[in-house]
Every structure is written in structure tokens, then in C-alpha cells.
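Please read the structure below before turning to the comments.
All values below were derived from every heavy atom in this structure, side-chain atoms included, with hydrogens, water molecules and symmetry-related copies excluded. Here is the naming used below: chain letters follow the sequence lines, and residue numbers restart at 1 for every chain.
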Amino acid sequence: MSSPIRVAFEKANKENRPALLTYTVAGDSNKKISLNILKRISDHVDICEIGFPHNTPIADGGQIQTSSYRAIKKGIKINDIFEIVKNYKKIKDAKPVILMGYYNMIYQYNENKFLRKCKESGVNGLIVVDLPWPENINFANKCKKNLVSFIQLLSPTTSLKRLKKIIKDSHDMIYYISMLSTTGGKLKVSPKQILSNYQRIKKIDNKKKCVIGFGITEKNIDKLKSADGIVCGSIICKEITKSITLGQNPVTNVSKLVKKLKKKII
Amino acid sequence: MILKKKVPLIDQHDKYGFWGGKFGGSYIPETLKKPIDDLTISFNKLRKNKIFLKKKNFYFKNYIGTPTRFIKLENLSEHLGGAQIWAKVVSDANGGAHKIYNATVHALICKSMGKKYIVGDTGAGYAGKMLSMAAKKFGLKCKIFMGAKDIKRQKPNCDAMRKNGAEIIPVTTGSQTLVDAVSECMRYWVSNCDTTHMCVGSTVGPNIFVKICGWSTSQISKELKIQIKNEFKKIPNKIKLINCVGGGSSAYGFWSEFIDFPKKQIELIGVEAGGPKKSKLHAAPLSKGAKLGVLHGAASYVCQNLEGQINETESISAGLDYPGVSPIHCFLKDTKRAIYTYATDEEALKAYKLVTKFESLNPSLEPSHAFAEAIKISPKLTRDTIVIVNSCGDAKKDRDILKMRLKTI
């Protein structure tokens, strides 16, 4: 049986467009709003990445940090995050959910218990920013046993030899980091260069679905639309921050933004 | 969990970089895998390279000014009665603290790897000041990440950094102290690792940084071993080596040559920051029983909540004000080779007052924590016990805090 993540890619592929993945922080700006955002953008999105916020993030840029601190300040707990996923999954046509965060939180919660909760609440995939290959092999296997896809990250600094090994151990989806940057940095590499690196990955195993993330905005998303999928994160977090500052409704604003992003890649 | 003999502690890790199978490792984003692998390969080559070692020794001697003094604190010992109290005056080193060893080695590595930019984190400002000095000395462009709260409380060191031509990047996220400075510095390195070398200011962070720092500060105990032999003709039967522990770089450097000795002969005592007496906050993960967690790329005992969010810490000493601790100290704790305790802000201040009253020594607030422990235990010990405190930093940087706080003690 195909995993929901794979199905999502196949659907986008049939429509001749890349899959659109969004990243929002669970509990930003509070539990209810973050759930409502997911519900509202669901129609335009293929896969929802949901961040479990950590207060010592070593790979996140300013926008996601702001979102994370905001959520932590509101008291978001891991169980709340599973609750959000569970409630989101109740809607009709809910999209696959990928949780993304830092290892310490999984470790403190207990790996097995965390994966059990993932399964129960309907989480389909997991990205652990600071658990690289090969250190992640055991945990990735555990994920697989629990029907959770472990998503391996690749970066411009990953050597060809390493690429091959990581891709071999990867599950349905892999995540290519567009440039040397924390999340949400200004795109300092040309989309052409990014796609050429992306092709290098696809050449190793064409069947693995590869998404591109980091630094994606309204301005550059269309230039990357030949990829299997594109992840937009910081730009959405920024929209939430902006909405709060202006006293506007983040749910409406984010939903408009995601619609716009989708339009650019159709 | 077993300590090996005749193998430097920094090398007693497994292939994934863990000491005792669970402390350390390299929990890093994929982007940093390659630069960290490159650094690991370079360091392993350089530490065996005769030309590099000659260069290192040359700068240690002529630039840092080794060896630093080993002196008896006659008056303090007399006043307290009991053990003989000695100090290894590491603050004699160029710049006024042990941080110069690690900074110099990182600058030399950076240069030999052909990188022109160097970045580092700092709490008390010593790691930053020393890195700015070394960068200036070796012609590197330098950025220092420092919590906004620390910038305010350690002004003299900030002035020094700027004078050396370094750019200080204030970090305003989180608690605005060392923990946030390290995060921000790592984030900067993620974005600039192709041109820039990163120096982690203590024996913390991904495995290789623990090793480089420990290798650098081990100079302290190498000198001390010779000095003890010269002074006592042999290694005495009852020695206590007392050192403050924040990240743990000076403590490791102070102890590394003595770890193989029986603990009955040479006892290793680490003193963490207990924070203000009346506060629940502290920076003492080892002595207050914090849980194992992952912080800044390594597994260690970390002050954290049940969810794995890193706790805020509080200490009068910016250099000790860190929620994690070196994996090698976790290893030393669990193998019971070293014991760890803490001193409160007030105890450290009192110790500072007493030491400076009796001796011409001006220990910063960090080693004042170690002196607090020495003062506490020495009266109960016999005359043939040699208590040695690593006076690893000079209090010039603390002049504002001391001026304000000493009145209240």
C-alpha cells in the first residue's frame, strides 16, 4: 500500500505541478489559531509540516524562532501538538502531516512513546533537524516500523558518496536544503543552481520524492516548480507575525498567502 | 562505564563521538556534517604534525606566556588552618584567563585550513576577548556572538574585543546569555561554514569541539604536574584539585594529566554555579542532578524541563551561566572519578573577598566559586593535604559587579 505522503506526491504529479508543503509552528499564535490555519490552508496544500517548537533551535532563522518562542510562551506542550494533529486529521480530505523539530524533545518524551503518539494522532512523517545520518539509522528504522516516514535531509555540503548512502536509507521523501543557511534566509543561490543540485539527487534514485526548502518566497517559488515538492515555512511564519502586529486575522492572511503560493506553481 | 588509563580522556569516545556510550556525539544539522568532518580530519592530522606542534608550542610560550605560576597561598592557609592552599595562577596567561589556549589553537587551525573568518561565542566575554586577540594576532576577521545581558555585565571584555577589531553581535533572543549566544553562533556557522571557522568557547558542542578545547587547555595540567614535582619532589599523597565548572574547559585542562591517578591520592572537585541563594534558578546541571539531554550538538546533563525545553539559568558569573556542561564531565561524574558540587553567588562573593584580603590574587567570579569550596573544606583537612585551586580568570572584567555586590555581602 502506498503511504499517504507518496499518494500526495502522485496526485500533484498527475496535475503536472510540484507538491506544495507548508510549515507552521504548532501553537502559533495559539493552539486554536494554529489548528484553524491548518484547516483553512488544507485545500491548497499537499502536505502539512508542523513544527514542534524548541527554545534552543540551532538551525532556524528569525521568523521561525519568533513563531516558536510565541508558541512556547503560550505554553504549548507536546501532547497539545498531537491533539492539534488529531483534530486536523478529523476534517474531510485532511492532508498528510509531517512533524518537524529537534531531537531533545523526542528524547525527553521517549522515542517509543513519541512514535506511538504519532501513529495514534495520524502523523505521517518526521523531520529531526539535529539527528543526521548515520546517527539516525536506528530511530529511522523505528519510525518505519510505526508507519511514520523518517525524512532525511540533504544539503549542498553533502558529498556525493554520502548522498548515495543517505538516499539508500531514506523512506518515501527526502528534503533538499537549498543553500547554506538557517531557515528563511535570503536565497543566495540561483534557482538554476538549486535545480542542478536537485537533479544530482534525483539521478541517484528517481523514485524517491525530493522536496526543496529554505528561502522559498512568492518571488522565487515558480522557478523551482520542476521539483517534486516545495516547502514554504518562514514566509508563512512571517505572515503570522505581521498579522498579529497589524491586528489582523492570521488565519485569513495565511490562507490568502498559501493560495497565492499555490497559484504560482500551477 | 569505565575510564581507560593512558588514553587522554578526549580520545575515549566511540565512533559516533560518545563518551561512556551516551555523552557527547554530534547532534548537528546535515549542513554542518561536512565542515565538522573536515575539521575532524584536519585536527587529527594537525595534532600529530610536528611543524604544527612546534608552532603551537612557540605561541603558547611566547604569546600566551607559559608556564603560569603555581603559588602557595600562605596567608589564606594560615587564616583557615588545616590544608595547605595553593593556586595555579592561570589568569597570568595573556589576556587574563585560560580561554586563550583554545582561542589560539582555533586560530592556528583556522589559518592552516585556509579560512580567513573566525566566529565564536562568549559568556563572560573571556572566550570572545581571547578569540579577538588571537584573530588579530593571526590576521583573521572575527565576529563574536554575545548575549545582550552579558554585554551589559561584562563591559571591560567587550571594550577589549572591539579594540582588537572584532565585531560583537548582540544576541537578544531567549535569556540573552551564553546559551543563546552559542545557538546564534551555530546558526551563523550553518549559513557561512564554507568560508568561516567556528570556535566553540568551551569543552561543549559537537564532539570535535570538545576535543579541540580539551587538547588546548590540557596545557594547564601539563605545567602543573611538573610544578608539583619541582615543589614537593614527588606527587604528594593527598591532593585536591578544585576547579569551577561552567562548560568545563578549565577544569578538564586542570585535571587531564591527573585522571589516571588513584582518586584517594588526587581528588578532582568541580564547583558549579549554584545561582543566588534565594533563587530556584542555577547553572549546576551536574551537582543538582539534571537529566540527560541534547543541547548545542551534544548529549550531556542539561538544565531542562520535562518537555526538553532548556531552562533559564542564573548566576552572578557569566562564564558559568550555562544550562549544559561538557560531556567529558558527565563521564567523569558517572565513573565517579570527579565529584561535583556548587557554590552560590553569595558564597563566591565571600570567597572573593577573603582571597583578596589575604593574598595578592584577584580571581574572577568564576574561580571564586572554586575558592568558595576550598575555603569551606580546608579547615577540616590535615596540614599534609594539598588543596590546589585553578585561578583561571582575572577579576578585571568583574569590576562593576563586584563594586555593586560586595557592599551587600
Inset, instruction - Verify, without hydrogens or angle tests, whether Glu307(B) (side chain) and Lys77(A) (backbone) share a donor-acceptor contact under 3.5 angstrom. - result: no
Legend entry - Heavy-atom neighbours of Lys152(B) NZ exceed 12 at 6.0 Å: no
Inset, instruction - For residues Ser159(A) and Lys33(B), determine if any side-chain heavy atom of one lies less than 4.5 Å from a side-chain heavy atom of the other. - result: no
Inset, instruction - Inspect the surroundings of CZ in Phe209(B) and state if more than 12 heavy atoms from other residues, nucleotides or ligands are less than 6.0 Å away. - result: yes
Inset, instruction - Below 4.5 Å from any heavy atom of chain B, which atoms of Asp60(A) appear? Answer side chain, backbone, both or neither. - result: backbone
Inset, instruction - Calculate, to the nearest 0.5 Å, the distance between atoms CG and CD belonging to Asp180(B) and Gln65(A) respectively. - result: 9.0 Å
Inset, instruction - Please indicate whether Lys86(A) has more than 12 foreign heavy atoms, meaning atoms of other residues, nucleotides or ligands, lying under 6.0 Å from its NZ. - result: no
Inset, instruction - Verify the neighbour count for atom OH of Tyr69(A): are there more than 12 heavy atoms of other residues, nucleotides or ligands below 6.0 Å? - result: yes
Legend entry - Distance-minimising heavy-atom pair for His296(B) and Thr56(A): NE2-CG2, 3.4 Å
Inset, instruction - Compare every heavy atom of Ser183(B) with every heavy atom of Pro57(A), then report the nearest pair and how far apart it is. - result: O-CB, 4.3 Å
Inset, instruction - Measure distances from Asp194(B) to the heavy atoms of chain A and classify the residue's part below 4.5 Å as side chain, backbone, both or neither. - result: both
Legend entry - Side-chain heavy atoms of Tyr27(B) within contact of Asn104(A), under 4.5 Å: no
Inset, instruction - Please flag which part of Pro156(A) lies under 4.5 Å from any non-hydrogen atom of chain B: side chain, backbone, both or neither. - result: neither
Legend entry - Lys202(A), NZ atom: more than 12 neighbouring heavy atoms under 6.0 Å: yes
Legend entry - Heavy-atom contact with chain B under 4.5 Å, split by part of Gln152(A): neither
Legend entry - Under 4.5 Å from any heavy atom of chain B - which part of Ile177(A): side chain
Legend entry - Atom NZ of Lys116(B): over 12 foreign heavy atoms under 6.0 Å: no
Inset, instruction - Could you tell me the separation between the CG atom of Asn55(A) and the CD atom of Gln304(B), rounded to the nearest 0.5 Å? - result: 10.0 Å
Inset, instruction - Check whether any side-chain heavy atom of Ser155(A) lies under 4.5 Å from a side-chain heavy atom of Lys34(B), and answer yes or no. - result: no
Inset, instruction - Determine whether Val190(B) and Ile58(A) make a side-chain contact, defined as any pair of heavy atoms from C-beta on separated by less than 4.5 Å. - result: no
Legend entry - For the student: nearest non-hydrogen atoms of Ser26(B) and Glu135(A), plus distance: O-OE2, 4.1 Å
Inset, instruction - Report yes if the side chains of Ile310(B) and His54(A) come closer than 4.5 Å at any heavy-atom pair, otherwise no. - result: yes
Inset, instruction - Mark yes when over 12 heavy atoms from residues, nucleotides or ligands other than Leu160(A) sit less than 6.0 Å from its CG; otherwise mark no. - result: yes
Inset, instruction - Check whether Leu292(B) gets within reach of chain A through its side chain, its backbone, both or neither, counting any heavy atom under 4.5 Å. - result: both
Inset, instruction - Take atom NZ of Lys238(A) as the centre, draw a 6.0 Å sphere, and report whether it contains more than 12 heavy atoms from other residues, nucleotides or ligands. - result: no
Legend entry - Thr158(A) and Glu30(B) side chains, donor-acceptor separation under 3.5 Å: yes
Inset, instruction - Might you point out which heavy atoms bring Tyr16(B) and Pro134(A) nearest each other, and give the distance in Å? - result: CE2-CG, 3.8 Å
Legend entry - Polar side-chain atom of Thr31(B) near backbone of Leu180(A) as donor-acceptor pair, under 3.5 Å: no
Inset, instruction - Please look at Leu154(A) and chain B and tell me whether the side chain, the backbone, both or neither of the residue comes under 4.5 angstrom of a heavy atom of that chain. - result: backbone
Inset, instruction - Give the member of Phe52(A), Tyr102(A), Tyr107(A) that has the highest number of heavy-atom pairs under 4.5 Å with chain B. - result: Tyr107(A)
Legend entry - Side-chain donor/acceptor of Gln309(B) to backbone N/O of Pro53(A), under 3.5 Å: yes
